[in-house]
Amino acid sequence: MSFMTNLVDTVIILFILTNFMLLGSSSLRRCIRVIALQGILLGILAILMENGTPTIHLILLSAAIICLKGIIFPFLLIRTLRDLNVQHEVEPFVGYGTSLVLSPLVLVVCIWLGSQLSLPMGVTSSLVAPVAFFTITCGLFLIVSRKKALTQVLGYLVLENGIYVFGASIATIQPVLVELGILLDAFVAVFVMGIAIYHINREFEHTDVDRLNRLKG
Amino acid sequence: MSLFLWGLVIIFVGGLASLISGRRAGLAFFFGAMGAVAGSIIAVIPAFKVLLHGITESFRLNWSIPFGSFFIQIDPLSAVFLIPILCLSAVAAVYGVGYLWAYRGKKNLGLAWFFYDLLLLGMALVVVAKNGILFLLAWEIMSLAPFFLIIFDDEKEKARDAGWTYLVATHIGMVFLLIFFIILTGQNGSMDFDRIGAIDGGTASFLFVLAVVGFGTKAGFMPLHVWLPEAHPAAPSHVSAVMSGVMIKIGIYGLIRAITFLGHPPLWWAWILIVIGASSGVVGVLFALAQHDLKRLLAYHSVENIGIIALGLGIGVLGISTGLPTLAVFGFAGCFFHIINHAIFKGLLFFGAGAVLHSSGTLEIDHLGGLIKRMPWTAVTFLVGAIAISGLPPLNGFASEFLIYLGVFKDGMSPGLVNIIPVLGVIGGLALIGGLAAACFTKAFGIVFLGQPRSKHSQQAHEVSIAMLLPMVILAILCVLLGVFSPLIIRVFGTAISNVTLLPQEVIQGQLSAGSSILSNVVIISVLLVVLICGLSLLRKWFLSGRNVAQTETWGCGYACPTARMQYTASSFAQPLVALFRFFLRTDSRNLPPKGIFPDRAFLQTDTADTSNKYLYRPLFKWIGFMLSKLQWIQHGRLQLYVLYIALTLLMLLIWKAL
Amino acid sequence: MHIEKIINPLLSLVLAPLLFGIINRTKALFAGRTGQPLLQSYYDLWKLFRKGAVYSKTTSWVFRLGPIVGLSVVIAATALVPSGGLPAIIAFDGDVILFAYLFGLMRFFTVLTALDTGSSFEGMGASREVMFSALTEPAFLVGLAAISKQTHSLSLTGMLAVADTALWSHIGPVQLLVAFSVFIVFLAENSRMPVDDPNTHLELTMIHEVMVLDNSGADLGFITYAAAIKMWLLSTVLVGILVPHNGNAWIDISTAVAAVFILAVLVGVVESSMARLKLLHVPQILLIANALSILALILVLR
């Protein structure tokens with residue numbers, strides 16, 4: 001058990017904690033800051049998972065991840081928050097307390113799932129696959145159980161982060177996939193946030209997604 | 001063995017004699033109560049002998065009933081259950097004399113005592129029956145007798161409804177038991193328990209599920225518990241004590257006996273028991289917290305304690321299944337010890353509730369208060385019961401829960417994520433249950449006995465008669481003694497544990513002595529606690545001697561005219577927890593808030609219906625009723641067609657036989 | 001050899017009231033005041049024990065028994081807690097459960113004392129107190145179960161302050177998680193911010209303070225002293241989870257005591273920088289403690 005594995009473990013545990021905080025917090029500002037933290041952790045993870053000295057390619061990749069996910073997106077999101085004039089999530093379908101208590105149990109299921117797969121990687125801890133599943137589940141949970149459109153965008157970003165946890169471990173083996181992923185993120189930033197929210201807000205003066213069902217006949 | 005049979009005969013004869021006495025109350029009391037007490041004392045002696053020495057005694061008579069034989073046997077497992085059954089029923093009979101004395105002349109007490117003795121007889125027979133038919137017969141007697149006692153107050157509609165709910169629930173469970181025994185016998189053609197051979201895996205699992213549902217209905221597992229909170233409050237208090245204290249444990253006895261028939265248990269059986277235990281425990285105590293009728297609160301607490309017993313049982317089965325003796329021994333030791341402990345303190349608490357009802361006329365917690373000054377002895381014993389049931393040291397409740405915790409701490413945390421089920425279920429579950437139970441009983445004791453009387457019911461309360469006080473005092477003393485002597489008592493369970501787990505005695509005794517020495521440390525701390533309490537009382541007396549000690553009104557923040565109704569109520573006390581767990585407790589509340597500067601009328605009424613009843617069973621039964629009403633066209637009232645039905649059936653049977 | 005076992009209880013009995021002084025001094029520093037003397041709690045106890053008492057007419061023997069039971073429980077609990085590498089006086093498998101349930105006994109009697117006065121203020125405080133404690137018990141026990149598994153010991157004496165620095169880097173993350181969870185439990189059990197404000201004087205906003213509103217004289221002295229010792233014991237447990245073991249007994253004991261004082265300063269900092277949480281949010285923070293403990297257990301068991 002080397003120092004490297006311990007460090008990877010610590011970063012992954014911090015990642016799990018950020019997921020808990022997302023599920024339990026009603027303040028949208030805090031959620032955005034937590035997602036920024038997730039982005040930074042992801043970048044660090046990409047470098048740590050490499051066995052041997054990191055190449056320039058890898059360093060640039062992780063710098064790109066940290067910039068995009070950790071700085072640019074949160075900044076844009078906070079700007080949108082100010083424009084939409086929302087501060088807090090309304091009462092969600094599944095309460096904060098319940099989601100907070102359910103999350104460790106979901107983590108248990110994800111660990112079991114992760115142990116069933118075997119993944120080709122470099123320096124790794126056995127927690128990588130489970131945490132990836134767990135983050136994806138948290139992202140989906142946010143999309144399904146919360147009511148505001150902005151929270152659903154946040155849920156989508158968390159979903160992406162989860163997929164990234166897998167990607168970070170194969171960054172040197174298949175860098176193209178990771179770069180395509182970053183491109184997808186940029187696309188999300190432009191399309192979803194800039195256009196969709198702006199337009200929904202303009203049309204309906206609110207972004208409560210469950211009131212969108214008025215659209216059907 | 002002959003002592004035991006004589007004991008049963010005395011009970012039965014006493015019951016018959018009281019039935020014949022009918023409305024002559026004095027005779028009915030004498031025969032009924034004396035029969036129960038004398039018979040129990042005589043019959044319990046062989047049970048103690050068997051448990052201490054580990055020898056089994058049997059008795060066999062042949063019967064003409066097909067598959068049936070009067071085969072009874074007291075083995076250590078039966079003895080563990082027989083002792084609380086007989087002891088608690090004897091004490092409850094004494095209490096019953098005091099409690100029912102107020103009803104003489106108004107009701108046929110001979111009937112009441114007859115059915116009480118019949119209940120006792122049924123229970124004692126069930127745990128010693130070793131033949132399937134005899135078991136089911138005794139089970140039916142045990143189930144029917146309380147029905148007549150539940151509807152004792154049959155002028156009240158609630159009591160009648162409770163009786164029906166009880167009857168339906170117990171017979172649905174009976175159906176599962178019938179199927180269980182039929183399949184079990186089908187394997188080898190005899191219903192004698194000692195002739196049951198090996199059973200293959202698939203059938204064993206199916207039988208296990210049948211047993212859990214069938215015996216679980218009697219025991220009160222969630223969600224099969226719905227009859228408990230209706231039936232227990234409706235019966236007279238001595239019967240409620242017996243029902244809650246020992247009758248539901250017979251369900252657990254049946255489950256353990258069934259497990260011993262079914263061979264080596266796979267892991268998932270243990271997990272199911274642990275999940276059932278944790279959920280019954282937590283949801284049971286949550287419902288108890290939301291009740292405002294004292295007996296209903298106690299009934300839901302029985303569901304919670306059955307959950308704790310099921311947790312111990314689950315850990316024990318886990319130990320058998322994984323081959324870890326620590327888990328098996330500590331799990332079963334905790335299970336058996338908690339069975340006896342719960343019988344004692346639940347009996348004590350129901351006696352207390354009966355005393356409160358008897359002397360104040362109401363069980364509505366929010367109409368009581370200040371009873372500690374009017375019923376001092378009842379209050380002391382109720383406090384001992386409340387501390388014991390919350391599982392607090394130094395009393396017996398803590399000792400049995402501690403054993404279950406210890407089992408998991410010592411050996412339950414092997415690596416492997418599946419072990420999170422027992423660890424979280426036991427440690428997290430028991431901790432949560434303990435915290436919630438303490439909340440519930442501070443509410444029950446605090447609002448009923450402390451403070452000032454909230455209505456004239458409680459103002460007029462008085463202390464109860466010696467016949468009702470003596471059993472309470474005896475049980476309270478037992479709680480303390482069982483707590484203090486717990487290191488010695490758990491060694492006694494060795495024979496019963498080897499009965500169930502089939503582990504060799506040296507292994508079991510080794511584990512039990514480890515447990516014993518741990519518990520002796522607990523006793524040392526308890527003694528230290530008592531010494532400190534005495535010391536500090538003397539210290540305070542010394543501090544206050546020669547100084548001014550005065551009495552005044554409670555601080556009311558300067559309010560000029562406080563009334564007793566302004567005290568905190570039970571619903572308010574429980575409100576934060578009830579609101580937190582509203583997912584489980586769908587509480588209805590109706591309120592009229594105060595309006596204006598000088599408000600006139602205002603009220604708040606909360607009502608927590610049983611969720612399983614309201615959302616599962618009632619809709620299910622309504623749907624069944626609806627489906628069956630479609631078949632109503634068969635009952636059209638025309639005689640000729642009815643005769644045609646009979647003729648057609650006969651014809652079909654003859655044709656089938658001929659083929 | 002037996003003298004060393006007495007050191008811990010003696011230290012807790014003597015030094016506990018100092019913790020209140022340290023916390024108050026830290027808060028005063030933050031507020032720009034000089035603040036009370038560090039030994040103020042001792043002066044307060046001395047004053048209280050020399051006073052007479054006033055009892056409410058509504059109360060019964062339960063009210064007079066409550067404070068005594070509280071202090072007895074806490075003194076008995078000092079026999080169970082090790083500190084600075086020295087074993088506790090009484091140590092056995094599973095003593096952590098007895099430790100937690102002893103505090104349950106103390107809480108039971110405190111709540112009954114509150115209900116005995118028949119005052120709605122005290123009833124309100126009592127009902128909130130039982131809700132908080134129902135949620136802190138599982139967090140505490142599950143977290144300590146995780147630590148028990150990691151340190152391969154079933155007794156508090158084996159679980160706390162045993163890890164040397166090499167082992168610590170191995171088991172570090174889990175210890176930190178449990179320490180954070182136990183810190184939240186510590187704040188809740190000792191009625192500190194952000195769960196409860198010990199300085200508020202409004203009856204409707206107090207939780208722990210209001211339960212002892214009608215106690216006076218020696219009773220109040222017992223209650224205050226018991227609260228101090230309880231805080232000391234829980235600090236010792238928390239410090240034991242975090243601080244690694246050295247080997248030299250003197251260094252370990254001084255480190256432990258110093259760490260407890262530093263924890264008191266930390267509590268003062270937290271109290272000065274956070275406002276009390278809305279009452280409906282307190283269960284959420286307790287559920288976070290539970291989730292952290294369960295996470296620690298998951299990490300230990302996989």
Side-chain angles (χ1 to χ4, degrees), chain B residues 372-373 387 390 392-393 398 402 405-406 409-410 413 415-417 419-420 423-424 427-428 431-432 434-436 438-439 442 445-447 450-452 518 521-522 524-525 528-529 532-533 536-537 540 543-544 547-557 566-568 572-573 575-577 580, chain C residues 49 51-58 60 62 68-69 71-73 75-76 79 90 92-95 97-98 101-102 104-105 107-108 111-112 115-121 123-124 126-128 130-131 133-134 137-138 141-142 145 148-149 154 203 213-214 217-218 222 283 294 297-298 301-302:
Chain B
I372 195 171
K373 301 206 168 123
I387 297 181
S390 309
L392 295 173
F398 176 71
F402 190 44
Y405 269 117
L406 268 178
F409 254 94
K410 275 177 179 270
M413 296 200 275
L417 206 53
N419 286 311
I420 198 144
V423 176
L424 209 54
I427 300 184
L432 188 59
L436 292 173
T442 46
F445 182 74
I447 310 262
L450 301 176
Q452 286 178 326
I518 295 177
N521 283 306
V522 175
I524 294 178
I525 298 257
L528 178 62
L529 206 58
L532 280 170
I533 291 180
L536 284 175
S537 324
R540 179 173 65 188
F543 278 147
L544 289 180
R547 302 207 205 284
N548 204 5
V549 177
Q551 292 227 341
T552 180
E553 296 293 330
T554 305
W555 170 249
C557 201
M566 289 165 78
Q567 294 174 100
Y568 229 55
S572 327
F573 189 85
Q575 189 267 342
L577 277 168
L580 184 63
Chain C
F49 287 138
K51 282 189 162 199
V54 175
Y55 289 105
S56 158
K57 288 193 207 133
T58 320
S60 61
V62 174
I68 294 184
V69 170
L71 187 55
S72 315
V73 160
I75 295 181
I90 301 184
F92 54 93
D93 283 350
D95 55 12
I97 301 168
L98 181 61
Y101 273 75
L102 276 177
L105 183 65
R107 200 179 302 121
F108 193 85
V111 170
L112 284 184
L115 288 174
D116 202 8
T117 59
S119 153
S120 13
F121 300 126
M124 202 185 305
S127 103
R128 292 167 183 179
V130 292
M131 171 173 77
S133 59
E137 291 246 346
L141 281 175
V142 171
S148 150
K149 174 78 181 155
L154 294 168
E203 290 87 344
L213 205 55
D214 276 271
F222 286 159
I294 299 180
L297 190 66
I298 293 176
L301 282 180
R302 74 185 159 91

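Atom set for the values below is all heavy atoms of this structure, side chains included, hydrogens, waters and symmetry mates excluded. Numbers restart at 1 for each chain; the letters A, B, ... are given by sequence-line order, proteins then strands. In this text the structure is predicted, and so the values were computed from the model without any measurement.
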Q: Heavy atoms only, distances under 4.5 angstrom: which of C:L297, C:L102, C:I68 has the most pairs with chain B? Name it, please.
A: C:I68
Q: Can you tell which part of C:I90 gets under 4.5 Å to a heavy atom of chain B, answering side chain, backbone, both or neither?
A: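 For C:I90, the contact with chain B is made by the side chain alone.
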Q: For each of B:F398, B:Y568, B:F445, B:Y405, tally heavy-atom pairs with chain C at distances under 4.5 Å, and name the one with the top tally.
A: B:Y568
Q: Is chain B contacted by the side chain of C:D214, its backbone, both, or neither, given a heavy-atom distance below 4.5 Å?
A: side chain
Q: Yes or no on side chain to side chain donor-acceptor pair (under 3.5 Å) for C:D116 and C:T58, after CA distance, side-chain angles and deciding distance?
A: CA-CA 7 Å; C:D116 202 8; C:T58 320; over 6 Å; no
Q: Which heavy-atom pair separates C:A53 from C:Y55 by the least distance, and what is that distance?
A: CB-CE1, 4.0 Å
Q: Between C:L154 and chain B, with a heavy-atom cut-off of 4.5 Å, which part of the residue counts as in contact: side chain, backbone, both or neither?
A: side chain
Q: At a heavy-atom separation under 4.5 Å, does C:V54 approach chain B through its side chain, its backbone, both, or neither?
A: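 Both backbone and side chain.
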Q: Looking at B:A439, B:G446, B:P393, B:A438, which makes the most heavy-atom pairs under 4.5 Å with chain C?
A: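 Highest number of heavy-atom pairs under 4.5 Å: B:P393.
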Q: May I have the step-by-step check of side-chain contact (heavy atoms from CB on, under 4.5 Å) for C:S60 and B:L450, ending in yes or no?
A: CA-CA 8 Å; C:S60 61; B:L450 301 176; 3.9 Å; yes
Q: Grab the two heavy atoms, one from C:L112 and one from B:T442, that are nearest each other, plus how far apart they are.
A: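 Closest approach of C:L112 to B:T442: CD2-O, 4.0 Å.
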Q: Looking at CD of B:Q452 and NZ of C:K57, how far apart are the two atoms once the value is rounded to the nearest 0.5 Å?
A: 10.0 Å
Q: Among B:K410, B:R540, B:Q551, B:Q567, which has the most heavy-atom pairs under 4.5 Å with chain C?
A: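 When all of B:K410, B:R540, B:Q551, B:Q567 are compared, B:R540 has the most.
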Q: For the CG atom of C:D93 and the CZ atom of B:F409, what is their distance to the nearest 0.5 Å?
A: 10.0 Å
Q: Counting heavy-atom pairs under 4.5 Å to chain C, which of B:I447, B:I533, B:I427 comes out on top?
A: B:I533
Q: Of all heavy-atom pairs between B:G434 and C:Y101, which one has the smallest distance, and what is that distance?
A: CA-OH, 4.4 Å
Q: With a 4.5 angstrom heavy-atom cut-off, is it the side chain or the backbone of B:L544 that approaches chain C, or both, or neither?
A: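 When you check distances to chain C, only side chain atoms of B:L544 fall under 4.5 Å.
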Q: Counting heavy-atom pairs under 4.5 Å with chain B, which one of C:A145, C:S127, C:A134 comes out on top?
A: C:S127
Q: Can you say whether B:S572 sits under 4.5 Å from chain C via the side chain, the backbone, both, or neither, judging by heavy atoms?
A: backbone
Q: Where is the tightest heavy-atom contact between C:M131 and C:P283, given as atom of each residue plus distance?
A: CE-CG, 3.8 Å
Q: For the NZ atom on C:K51, are there more than 12 heavy atoms of other groups (residues, nucleotides or ligands in this structure) within a distance under 6.0 Å?
A: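 Not buried by this count: 12 neighbours or fewer within 6.0 Å.
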Q: Please look at B:I372 and chain C and tell me whether the side chain, the backbone, both or neither of the residue comes under 4.5 angstrom of a heavy atom of that chain.
A: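 Contact with chain C is through the side chain of B:I372 alone.
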Q: Under 4.5 Å from any heavy atom of chain B, what part of C:V62 do you find: side chain, backbone, both or neither?
A: side chain
Q: Taking C-beta and beyond as the side chain, do B:N521 and C:L98 meet within less than 4.5 Å on heavy atoms?
A: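 Heavy-atom side-chain distance check fails, nothing below 4.5 Å.
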Q: If we define contacts as heavy-atom pairs under 4.5 Å, which of B:I524, B:L424, B:N419 has the most with chain C?
A: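 Result: the option with the highest number of such pairs is B:L424.
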Q: Given heavy-atom pairs under 4.5 angstrom as the criterion, report whether the side chain, backbone, both or neither of B:L580 touches chain C.
A: side chain
Q: Considering only heavy atoms and a distance below 4.5 Å, find which of C:D95, C:V69, C:L141 pairs most often with chain B.
A: C:L141
Q: For C:F49 and C:F222, I'd like to know if the aromatic rings sit close, meaning centre-to-centre distance below 6.0 Å.
A: yes
Q: Who among C:G104, C:G217, C:P138 has the most heavy-atom pairs with chain B under 4.5 Å?
A: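 Winner by heavy-atom pair count: C:P138.
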Q: Looking only at heavy atoms and a cut-off of under 4.5 Å, which of B:L577, B:T552, B:N548, B:L528 has the most pairs with chain C?
A: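 Going by pairs under 4.5 Å, I would pick B:T552.
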Q: So, taking the atom named CZ in C:R107 and the one named OG in B:S390, what distance separates them when rounded to the nearest 0.5 Å?
A: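 Those atoms lie 11.5 Å apart.
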Q: Based on non-hydrogen pairs under 4.5 Å, which of C:V142, C:L115, C:T117 is most in contact with chain B?
A: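 When all of C:V142, C:L115, C:T117 are compared, C:L115 has the most.
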